[in-house]
J.: 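What follows is a structure written as structure tokens; I'll ask about it next.
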There are 2 protein chains.
Amino acid sequence: MSRSGGSAPQRDTPVLTERGGVRRAAILEAALRVIGDKGLAGLSMRAIATEAGLPLGALGYYFKTKDDLILEAFELHTRREADRVLAAFAGVGSGDHADDVAEHLTAFIRHGLTEARTSLVAEYEFLIEATRRPDLARVSRAWRQALQIQVGHVASRLGSDDPGTDAEILLSVVAGLEIDHLSTPLDPSTTQAIRAALRRTVTRLGLRGDAERL
Amino acid sequence: MSRSGGSAPQRDTPVLTERGGVRRAAILEAALRVIGDKGLAGLSMRAIATEAGLPLGALGYYFKTKDDLILEAFELHTRREADRVLAAFAGVGSGDHADDVAEHLTAFIRHGLTEARTSLVAEYEFLIEATRRPDLARVSRAWRQALQIQVGHVASRLGSDDPGTDAEILLSVVAGLEIDHLSTPLDPSTTQAIRAALRRTVTRLGLRGDAERL
DNA sequence: CTGAAACTGGAACGAACGTACAACTCACTT
DNA sequence: AAGTGAGTTGTACGTTCGTTCCAGTTTCAG
């Protein structure tokens, strides 16, 4: 009734065509890349547009505000990352020894600190920003809760007598190792230190698939 | 020879009077506060000036650029925090049980998530930014190394047979717990979960002062 | 074919940004 | 009394920012 020209599809059903959906997705991907290597402080609508190879005006069409865009980018990231974590732990079988479990975790962190570094940096950018933005905090909480449940199941499968606490410990150790080694180039000795910490943690927690069940 | 007016004391000895030093320090404190509750993305010279109750021009006098100011603020923070960590662990005696050690760590995290929340958020802002800025990365690395050495000494005092690895684990767990609970208000059940994770970690690592020495 | 709706993209807006600057005050030496 | 230089501050510069706008094109159901 009111809107005349080609305004943005703000509320209700956006009704995107296929081409529209592709562009929208490209914008979110570009945003994640920019956040990963320039940070949220360096994130501008123009930088996103350039990264995506789109005119500035396109961003206003698909996203009402920059904050909306950031929220959706975070949601996209958590969806993707949840799948990745699930896949990583799917490889942890009940026949594994503690060292095998530690090796899986080491590989996971190694990947995050090298090939997926941009994505990992973006993740922590989001987590910090969630401190100030309730909408991001909701996403962050939901994600963290889902992670803990999943890891809890794995811990249980590995014979933990307190899966919830073990999940909390494992997630914290992994997050801490990531953070602490983000500003350092990942040399072999660092990888060894990470491996040692994970081995010791997993071993001392008694997480191995061949443990007798209760 | 060249400078005429009251330009900034950029290179060589700045020659600050007492009043000048006070103002400089006030600016750094204000910057830390702003970073803590608006983030580096929300940090502007004007915001710092307002927070410090000073005119905008004062900032240009004491700091050549915004990046210089950020670097100095980070250095100030690490100096302060190193002292705080040292003080926290000074309370861990060799007669303590594992639960006492865990309680010290719980109190440390609790303080960071409540009273010192602003400072903690600022800390992680710096750590993420250090990913992109070599000067911040140097400070971050030096700080992290000093922490690990200190915590290693404590672990050794508590009977660890691998103090380096135990220090890495402890620092990571603490960092991870902080990060994971930053976007959540700290309710009693959360505190309990943190305590449980720390108890289990410390106990399983066998960190207690009454252990026999080698 | 025709109209409506999705989509495009360049231009332009006011606001906020980092930084530079110059005139000023004040404490202190000579 | 004159001078020197640290300290002070309001102002203004050029740039970049998020957002809006609108004339235009494409797509597709009726």
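Bear in mind the structure is a predicted one, so any value in this text is a computation, not a measurement. Just so we're on the same page: letters track the sequence lines, and every chain starts at 1.
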J.: Given Val139(A) and Asp135(A), is the side chain to side chain contact (heavy atoms under 4.5 Å, CB included) satisfied, shown in steps?
T.: CA-CA 7 Å; Val139(A) 176; Asp135(A) 54 345; over 6 Å; no

J.: For DNA chain D, determine which residues of residues 26-36 of chain B have any heavy atom closer than 4.0 angstrom to one of its atoms, and list them numerically.
T.: none

J.: The side chain of Tyr61(A) is closest to which nucleotide in this list: dT8(C), dT19(D), dT8(D)?
T.: dT8(C)

J.: Would you call Glu178(A) and Arg117(A) a salt bridge, using N to O less than 4.0 angstrom?
T.: no

J.: Quick test of your reading of the model: are Lys38(A) and Glu51(A) salt-bridged, counting only N-O distances below 4.0 Å?
T.: no

J.: Taking only side-chain nitrogens and oxygens of Tyr62(A), does any of them come within less than 4.0 Å of OP1 or OP2 of dA6(C)?
T.: no

J.: Inspect the surroundings of CD in Glu115(B) and state if more than 12 heavy atoms from other residues, nucleotides or ligands are less than 6.0 Å away.
T.: yes

J.: Mind checking if Leu54(B) touches a base, just sugar-phosphate, or nothing, with heavy atoms under 4.0 Å?
T.: nothing

J.: If every non-hydrogen atom of Lys66(A) is compared with every non-hydrogen atom of Leu43(A), which pair is closest and at what distance?
T.: NZ-O, 2.8 Å

J.: Leu69(A) CG to dG18(D) C1': how many Å, rounded?
T.: 12 Å

J.: Salt-bridge test for Arg24(B) and Glu72(B): reply yes if a basic N is under 4.0 Å from a carboxylate O, no otherwise.
T.: yes

J.: Nearest whole angstrom, please: distance from the P of dG18(D) to the CG of Leu40(A).
T.: 12 Å

J.: Give a yes or no on whether the backbone of Phe126(A) and the side-chain of Arg133(A) come within a donor-acceptor separation of less than 3.5 Å.
T.: no

J.: Atom pairs, N/O to N/O, protein against nucleotides 13-17 of chain D, distance under 3.5 Å?
T.:
none

J.: Could you tell me whether Glu75(B) and Arg80(B) make a salt bridge, using a distance below 4.0 angstrom between a side-chain N and a carboxylate O?
T.: no

J.: When the distance from NZ of Lys64(B) to P of dC21(C) is rounded to whole Å, what number comes out?
T.: 12 Å

J.: Starting at atom CG of Leu56(A), determine the distance to atom C1' of dT19(D), rounded to an integer number of angstrom.
T.: 8 Å

J.: Between dT11(D), dT9(D), dG9(C), which one does the side chain of Arg23(B) approach most closely?
T.: dT9(D)

J.: Let me confirm one number: the OH-CD1 distance from Tyr61(A) to Ile27(A), rounded to the nearest 0.5 Å.
T.: 11.0 Å

J.: Please report, rounded to the nearest Å, how far the P atom of dG18(D) is from the CG atom of Leu59(A).
T.: 10 Å

